[in-house]
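Residue numbers begin at 1 in each chain, while the letters A, B, ... track the order of the sequences.
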There are 2 protein chains.
Amino acid sequence: MSSRLKDVAARAGVSVRTVSNVVSGAAPVAVETRRRVQEAIDELGYHPNLAARSLRAGRTGIIGLAIPELHSPYFSELAGLLVDEARRRSWTVLIDQTHGDAEAERRLLTPGGGRVVDGLIISPWALDPAELAAAQPSAPLVLLGERHPNGAADRVAVDNVTAADEATSHLIGLGRRRIAAIGTQPHLRNGTAQLRTEGYLRALDRAGLLHDQDFQRSVRALHRADGARAMDELLDGPASPDAVFAFSDELALGALHTAHQRGLRVPEDIAIVGFDDIEDGRYSNPPLTTVSPDKQQIAERSLQCLADRIYSPANTTPPQEITVPHRLVARSTT
Amino acid sequence: MSSRLKDVAARAGVSVRTVSNVVSGAAPVAVETRRRVQEAIDELGYHPNLAARSLRAGRTGIIGLAIPELHSPYFSELAGLLVDEARRRSWTVLIDQTHGDAEAERRLLTPGGGRVVDGLIISPWALDPAELAAAQPSAPLVLLGERHPNGAADRVAVDNVTAADEATSHLIGLGRRRIAAIGTQPHLRNGTAQLRTEGYLRALDRAGLLHDQDFQRSVRALHRADGARAMDELLDGPASPDAVFAFSDELALGALHTAHQRGLRVPEDIAIVGFDDIEDGRYSNPPLTTVSPDKQQIAERSLQCLADRIYSPANTTPPQEITVPHRLVARSTT
DNA sequence: CTGAAAGCGCTAACAC
DNA sequence: GTGTTAGCGCTTTCAG
């Protein structure tokens, strides 16, 4: 155990109060005293004990980030931005992976479930919107990428319906008519997948195209392997598509992989558009057309929400629904 | 602020001592008393205050993980494994991004620099091996992927020299003779890049191939863009290579991208091998040959090192150098 | 088996 | 400008 405030005080011949003032700058200290104290601090290699400080302040300076999987590029890019943005606000980030496990998500939302954090950002996956809405978190909460009606938490997300509509319309505008969707998740009641499906169907309707059930491929997870599998199913199916809208870039890259394996030309034989704008898509062969959510803004606004509530506990502003901009980035798979 | 131990005690009509025993199970409690206490806990929604517990215990249950960048697939995959492995040991992980900034790395190694953590895992980038060796961290420290002679910390890494030698020899075995390397970092004295260069040159020597300075391309970072740029330089150079060993998969994928842009066939015109075995490489077109370090073992052994020192502070075992296995995964770029 | 009380290291109200 | 001191909420001796 290292030295404490008391040790520094003794060495500098002052009281702990003075040392504390020097360290935290809470009150002015005479220049000569400050020098002596600083000297003692350096000699003893003193550093404040954060646990004690937290206990006193009732704050830890730590915020929690709960995402399904860190290894998924979209989440890791977002997590990176959040960590940087948090540092800018003098917070550090505690990371949790839920692996899309409902139990893990539930635990986080239970008061005390992870009560070291001043605030929590969670990207839910398996949990019902209803359950999310009913959550009574012990610290300010921000929900990412979810529809969250009447909930107790702020929410930050892109307009998934519109974005999916645009992606699909982009394919329609290119003359494609047999457009499949990869990434529905009927088993999950997953808000995001539902919204993207909605946008996809809306675009088909507007163009007078039929809904072909065989063209809606569900997946268990959003990994490349799932996309590859879905593409296989699609190509083995009765009618083969001339375009695919994948609900994530990873799915799209998996689909692209399968297309190549089978000797299909992209985009000539089949066009592909993804969602997320992860870096891999910029360097894939060919580079992937995708919907690009403004991740930087997601990070900034999420932390802003937390800050607003953490620093003003009396703040009773109703939960906000923040929609972050997105844009379609046309590259070479369409 | 929620309820405290005292509140529960008052409500259950017992002392805090008893409540504490019920919560922590430190000492046996009469069955009827325990029931009453549990009831009070439930009614009040009591949850222990972690800051107070940490202050008392001198431990936080948090370990720090410092990596250059979270958005880099290799690091995010590794971080994901570390987070999972940490949870298995009842730790949570606080993540820091250094962005390869020497100052940021130095701060972490300074006692108190990040003194909330019981232990620290750091993947150094910009810091001199000498400086690392001299570090006097305030908590047990594990260094990732670095050569760290006579240091004060445990180290976990693959055998970079051998691995690089194998990758290069693989290309030589395929009949390639003009083999370039992408990823040297002469400006950094970066241990990892140096070791891989060493292995690369060793393989060339063994095969009696000359060292062509033009074939050693340095990079500023290990991103796809750097690999793409290096590949451009290589192809614009005097002699064009028939194979490339990239020091990371990201660099390799960038190089692959450039090769495609220029209409080169991979592997016919130019073979490519990477390092890291990130998931993108498994689904790239064509799939990438790479050196695969056993990331799961890196995670496990790192945490084991920390556990050994955290739970036995008296432990004066000299710093360990742990070498984790790797294997060459031949896919379609060679 | 349970109660009373000390103290982990820090901050801030209250003196002077 | 500086010293003294009361807790923040918890665990853990020491008594009983």
The side chain of [X] is closest to which nucleotide in this list: [options]?
| X | options | result |
| --- | --- | --- |
| Arg56(B) | dT2(D), dG9(D), dT13(D) | dG9(D) |
| Arg4(A) | dG3(C), dG9(C), dC10(D) | dG9(C) |
| Val29(B) | dC10(D), dA13(C), dT2(C) | dT2(C) |
| Arg53(B) | dT2(D), dC10(D), dG3(C) | dC10(D) |
| Ala52(A) | dA4(C), dT4(D), dG9(C) | dG9(C) |

Output the rounded distance in Å from [atom1] ([X]) to [atom2] ([N]).
| X | N | atom1 | atom2 | result |
| --- | --- | --- | --- | --- |
| Asp7(B) | dC10(D) | CG | C1' | 13 Å |
| Lys6(B) | dA4(C) | NZ | P | 13 Å |
| Leu50(B) | dC10(D) | CG | P | 10 Å |
| Leu5(B) | dA5(C) | CG | C1' | 14 Å |
| Asn49(B) | dT11(D) | CG | P | 10 Å |
| Tyr46(A) | dG9(C) | OH | P | 10 Å |
| Arg17(B) | dT13(D) | CZ | C1' | 9 Å |

Discussion item. Can you work out whether Leu55(B) or Asn21(B) has the more 5'-proximal nearest nucleotide on DNA chain C?
Written reply: Asn21(B)

Item to complete: Describe the nucleic acid contact of Thr33(B) in one word from base, sugar-phosphate, nothing, applying a heavy-atom distance below 4.0 Å.
Response: sugar-phosphate

Worksheet item: So what does Ser20(B) hit on the nucleic acid, given a heavy-atom distance under 4.0 Å: a base, only sugar-phosphate, or nothing?
Response: base

Practice prompt. Find which nucleotide of DNA chain D each of Ala30(A) and Val16(A) is nearest to by heavy atoms, and output the residue with the more 5' nucleotide.
Written response: Ala30(A)

Please table the atom pairs, donor to acceptor, closer than 3.5 Å between any side-chain atom in residues 297-304 of chain A and protein atoms at least two apart or in another chain.
from: Glu300(A); atom 1: OE2; to: Gln296(A); atom 2: NE2; distance (Å): 2.9
from: Ser302(A); atom 1: OG; to: Ile298(A); atom 2: O; distance (Å): 2.5
from: Gln304(A); atom 1: OE1; to: Arg89(A); atom 2: NH2; distance (Å): 2.8
from: Gln304(A); atom 1: NE2; to: Asp308(A); atom 2: OD1; distance (Å): 2.9

Practice prompt. Find out whether Val23(B) and His47(B) are in side-chain contact, i.e. whether some heavy atom of one side chain is under 4.5 Å from a heavy atom of the other.
Written response: no

Practice prompt. Look only at the side chain of Ser76(A) and the backbone of Ser76(B), and say whether a donor-acceptor pair between them is shorter than 3.5 Å.
Written response: no

Practice prompt. Apply side chain to side chain donor-acceptor pair (under 3.5 Å) to the pair Glu69(B) and His223(B), showing each step before the final yes or no.
Written response: CA-CA 11 Å; Glu69(B) 301 172 319; His223(B) 302 155; 2.6 Å; yes

Worksheet item: Under 4.0 Å between a side-chain N/O of Thr18(B) and OP1 or OP2 of dG3(C), yes or no?
Response: yes

Fill in: CA sep, side-chain torsions, deciding dist, call: Glu103(A), Arg107(A), salt bridge (charged side-chain N to carboxylate O under 4.0 Å, His left out)
CA-CA 6 Å; Glu103(A) 205 42 64; Arg107(A) 193 172 346 131; 5.5 Å; no

